[in-house]
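Notes for the one structure printed next.
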Amino acid sequence: MDPRIVTRKLETLRAFAVEEVKTLPAWSRRTALHLEPGRYAFDGKWERTAIPDRIAAGRTVFYRTTLRVPAALPRDDAFLFFDLDDLEGQLFVNDEAYAGVDGNHLRIPLPAGKSLRLVLEFLSVPKLFCKPELAAKTGCFLGARVGVVDRAFEALCDELQFAFEAISVCSDERRKALLEKLVESTCLAIDLTLPREALVVEVQRARTVFRKQLATIRPDPEAGRVFAIGHSHIDTGWLWPIRESIRKCGRTFSTACRMLEQHDEYYFSCSQPQHYAYTKAHYPEVYRQIKRWVKAGRWGTDGAMWVEADCNITSGESLVRQILYGLDFFKREFGTTTRICWLPDVFGYNASLPQILKGCGIDHFYTYKLHWQARNVFPYSLFHWRGLDGSEILAHIPNAVNAYNGTPNPHQLSQHWDWHRQKAEYPEALFPYGYGDGGGGANDRMLGMLKTAQGSFPGLPALRTGPLGRFFDDVDKAAPDLPVWDGELYLETHRGTLSTQGRMKRANRTSELRLRDAEVLASMAALSNRKVSTKPLRQAWETTCLHQFHDILPGSSIGMVYDEALRDHETVQTTAGAVIDEALQAVMPSDRGASAGLCLFNSLSWPRHDVVCVEAPSKTIRSVIDADGEAHPVQIVKQYSGRSALVLDGAAVPAMGYSVLGFSSKACADAPVMTVTTTRLETPLYRIRLNRDGAITSLYDKTHKRQILEPGKPANDLQLFQDGPELEDAWNVHATFEKRRYPFSGTTTVEVLETGPLRGIVRVTRQHRATTIEQDLIVYAHTPRIDFVTRVDWQERQTMLKAAFPVAIRSTRATYEVQFGAVERPTHHNTSWDAEKFEVAAQRWVDLSESGYGVSLLNDCKYGHDIRNNVLRITLLRGTTWPDPKADEGEHAFTYSLFPHAGNWTEAETVRRAWELNAPLTAVTPVQAAPYHRSLLTIDGPAIVQTMKPAEDGQGIILRLYEPHGARGPVTVRAPGISRVTETNLIEAPITDLKATNGRFHFSIQPFQIRTFKLKAQ
Ligand SMILES: [Zn+2]
């Protein structure tokens, strides 16, 4: 039979399956602007409206009516049918959120009750948020009716349609022919011209025959299986603001509750505790229902992180917090736990993730995104993923036609199995289905397909469903011999997200560091028997976690998302700042008899001699005196009305502790001398030459007697590239950017800003069209770092700015810091896999070393890098135009530093230097105390402290350390007053007690291992 006839017949049959009972009565409406959850600016009062009703783009519209339900209605089969165009919304029944209504969800089960107060809340033209060109468009409400569905009739429609579609994907010719015959004979058996009553009887008869004949076509026993799970991906902030995502949660989750009531086969899996928290706050009636479905085992709280977080930029500690707070929420609210990390849509997965997940009790990892590779096909769909430290977890990356927003139709099910790579090892692939990205979830049609496909269907893989965890548990039980992928899951696309929306990256880094300092200082106070409340930090952490969502932190959301996120980060930093101030006061020594001095705090776990800027209460200070009576020079930056801004250097501050220094008016005799001009800088460490652009043409290491730069090539070479036009330009950097380098067009000025015994500053100001880049090149007498403190007024569009450092180093491998460790990547493009890594992620540093010498490039908030041959580059700014036309326009501030060193990056302790750039000493001045120093915790051995925080249960201090170099060895922790130590996992569950004597304990650590301990004083 001609497929066009079958298609028409199926459409006609479907229309006959519903018997219309009544059209809903007159509607009143009211429009508004949605301001925030539950808050609206209404345009006027309720008024009667005619249907169809057109609504301006971007407005929220409420419709209301009262429905008196006809008494004789068969309630189980009765539905509300809506008709609309470009509206997305929520149906409230008797003031409670009942179901989402949108283009994919137009049919809602009729609620119980004789008289129903119906209110619809719609957003008109939802895409307006990201497409301002739609402003003149309108959404349209075309009304609603009540109808009764003949279930057998509808089931035949579903089954016949499914069989019809299966014909085109069935690879076996005999089954295909049998299916064709079956579809044709069933279509012919139904006479569409019959009156309805007779038609219904005929359809029921046809269905019995259809099913009987279908059962005679045997499915292929080797066709494999898919495990279908209901799902709906909701981007927490993306092409709409977070406040819209909150409404999406209400719509999607209330729909899911209706689907669970209607279909026993429906299992729904939903990640992101943040979304549950929103639902609890704004849709409490839906939340209560969710709780019931979770209890019934039909709704899975799967997915460990607070939100589905970015894994390139988010720090290691933040990833731990994502899971710590995520799992804590599920446990508290639902009494559930999960072993699944659900990150379908994240733009690359760092090499530390297996260890982080395993350390949090997560054994299973699911993603999809690796199938977006631009060039190289990822070879596995089910495998063991081995991380930096050797930890392994079970990972599943099934390929799908429609990513994680599948429809269980024959085409998608068949492809899903075809693309499964481990067919021989384990013949099943996970298939998430349901409308998503902007939420929605499955509808009745999808469940019709699922029911037809369940068990087996000729020509298709078998299908089963159930709770998500069952899929992974069954793989574990079967223990198949799976391949191993060792190291990062680099995503060959979306490389631009390492740099887009630079202010967001800076805000996130700053908040991460401020929260760390607040926790470390509060813990120092606790170790000094002083209590500082860290309660406000939990909300601050949750906010930080929220904005690490995989479109927010990567920079791929609309502008309004960033306005809100940056404001939220300011609040986070203010909260952390208040705890820091309180903790400093609690820890700081005081001695009223002493003369004024200053106190320097070190939150890092090694002693430091860093340069620090302080404000002193006098104009006569010429040196500072440490606890050993030694004088250290100061450099006066500025003097004003009885005060001065000073730079000081050289005084040691102990690990996780502080030094009190006294002010002295006596100058140090042996202060170093530096020469600083606009073309030449000479320090005790370097001889540097600058060209007229302020770039470095010569950098000579006086200690090691070598020229660091490649001859003839300037360093800190600021490079402009045309960056676009590109599809999804906020996400993507095109491989050919290198060929589109264009020169600076404006003037450059170079001036000496500061010179003295401790540091010298040359300011380079460059103009390019309307953009101004101001860089302070800072050199130090003792610190081997060369800082580039940068402020930019960025006005370029579709332009990328990089800083390049061509160095005299030969190596085929470069090293990049990742969360809790470092990875090596090639500096060449030998293979297609190497070539695709033309822009890669690093946390705080990258390094290129040869035997005996190397150069590290540190940063305080940048992530995009590339090291090709002997050139290190850091991506400073982009100017993408979609989805935020003004992305990165305006003011930016950031610092990167060149750190040349003898030995390789481990011998040079690049890790520590990068930590120091990011977590500077905190100076408090003036303090009334005599010179003094104290360490509250010290570490001996190859580990450094990532985190010291009050334990979640309020009992003791959590200490998290990691091995940053890929080395192993014994570690001793000294913390006076500590008498009990328990090793815990990353989320603070106890593992084993350790012996602590005289405030010290020992353990051994392995390459890149993370260890967590709970410390208690007796
Ligand atoms: Zn997403």
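Atoms within a ligand are numbered from 1 in the order they appear, just like the ligands themselves.
- Around the Zn ion (ligand 1), the protein N, O or S atoms found under 2.8 Å comprise His233 NE2, Asp235 OD1, Asp345 OD2, His550 NE2.
- Residue pairs that meet the salt bridge (Lys or Arg N to Asp or Glu O under 4.0 Å) test with at least one member in residues 396-411, sequence neighbours left out, do not exist here.
- Among pairs with a residue in residues 248-260, those fulfilling salt bridge (Lys or Arg N to Asp or Glu O under 4.0 Å) read Glu88-Lys248, Glu88-Arg251, Glu244-Arg251, Arg258-Glu261, at least two apart in sequence or across chains.
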Pair Trp485-Phe383, ring pair (Phe, Tyr, Trp, His ring centres under 6.0 Å): steps then yes or no: CA-CA 7 Å; Trp485 179 272; Phe383 58 101; 7.2 Å; no

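- Screening residues 316-325 for salt bridge (Lys or Arg N to Asp or Glu O under 4.0 Å), with sequence neighbours left out, gives Glu317-Arg321, Glu317-Arg960, Arg321-Glu519.
- Proximity of Lys137 to Lys131: side-chain heavy atoms (C-beta onward) are nowhere separated by under 4.5 Å.
- Side chains of Phe365 and Leu353 form a contact here, defined as non-hydrogen atoms less than 4.5 Å apart.
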